[in-house]
Amino acid sequence: MIPRKIGVFDSGVGGLSVLKSIISSQHFETIVYYGDTARVPYGTRSKEVITQYSLEALEFFNTHNIDLLIVACNTISAYALKQMQQNANYPIIGVIEPGVLALTNKIKNKDSKILILGTKATINSNIYATLLQDKGYSNIQSLQTSLFVPMVEEGIFSGEVLNSAIKYYFNNINIPDAIILGCTHFPLISKEISNFFNNKPILIHSGESIVEYLQAKYKLQRFDTTNIEFYASDSLEKLKATANIWLNQ
Ligand code: DGL
C-alpha cells in the first residue's frame, strides 16, 4: 500500500510542528489534521483519560477514509497507541519509536548523555528511557518541562519569560550529547533550548524523525501540492491562525 491520504492527530496545536515536516516531505496528496483543542492539554491527564479521548478522536478519523494515521503527540503515543491500533483498519504510527530510532542512528556511543524532555505524562510513562535502555544506552536523564507547553501556545518562542523557564528547568543539568524533544510543542523553542546548552547537543525532533521513519518503511510518492484539511474540537479559526504562524516559522 502506498499511502496518499493520511491523518495527523494531536491533542491540540503541538502536532503542527510534525505536520510542517510532513508537508515539507511532499509525500502525501491529502493530509487531514485534527486537534482536540477543546480538551488540550492531554499531558497532565491520566492514562485512562488520554486513552478515552484518543479513541474518540479515532472515530473522527474512521469517517475520513485515510490510508494511514500519524499520532503527532508524544503523550498520546506513550499511552494510547496500542489501543488505537487495535481499533483501526489502517496503520497508526506514533512519534516515539521513530524518535528512538532517529537517536540510535545519530548517537552511536552508548555512554552518551541523553536528556529526554516531555510532558508530565510522557515522562511518567518512562517509555523513552525504557526503549533507550533496551538498546543499551545507560546515561539517560528524563525531565518534565510542562510549562513550555502553554508558553508555546501563547506564541512565546523567545524572550525573558521563556528564558526564566529554561533556567528553572535546566540550571542543574550538565550539557547533554543529545536532547529528545519529547513533546511536539518543543521544536518551536528548540533554538532557545539549544542556546542554553551552548548549541552542543544534537536535538531529536518528532516531525523529522517520523518523516525518516516513513521513508524507510513505505514506498512513498511525491506530490507537487498537498491538500490540507484542518479540523478541531473547538475553535477551528484559532487552530488555523496558529497553523499560519507555526507552519511559516
Ligand atoms: N504535544 C503534546 C506532546 O507531544 C503535548 C501537549 C499536551 O499536553 O496535550 O506530548
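Order of appearance sets the numbers: ligands from 1, and atoms from 1 within every ligand. Count residues from 1 along the sequence.
- Neither side chain, S11 nor D36, offers a donor N or O lying under 3.5 Å from an acceptor on the other.
- Applying the salt bridge (Lys or Arg N to Asp or Glu O under 4.0 Å) rule to pairs touching residues 93-112 yields K106-E212, sequence neighbours excluded.
- T51 and S54 form no side-chain donor-acceptor contact under 3.5 Å, judged by distance and modelled atom types alone.
- Side-chain atoms of N198 never come within 3.5 Å of backbone atoms of K200 as a donor-acceptor pair (strictly under, hydrogens ignored).
- Using a heavy-atom distance under 4.0 Å as the criterion, the protein contacts of ligand 1 are D10, S11, V40, P41, Y42, G43, C73, N74, T75, T119, C183, T184, H185.
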Please set out all donor-acceptor pairs under 3.5 angstrom arising from side-chain atoms of residues 216-228, sequence neighbours excluded.
residue: R222; atom: NH2; partner: Q26; partner atom: OE1; Å: 3.2
residue: T226; atom: OG1; partner: F28; partner atom: O; Å: 3.1

Extract all donor-acceptor atom pairs below 3.5 Å that involve side chains of residues 160-167 and protein atoms in other chains or at least two apart in sequence.
residue: N163; atom: ND2; partner: G159; partner atom: O; Å: 3.3
residue: S164; atom: OG; partner: E160; partner atom: O; Å: 3.0

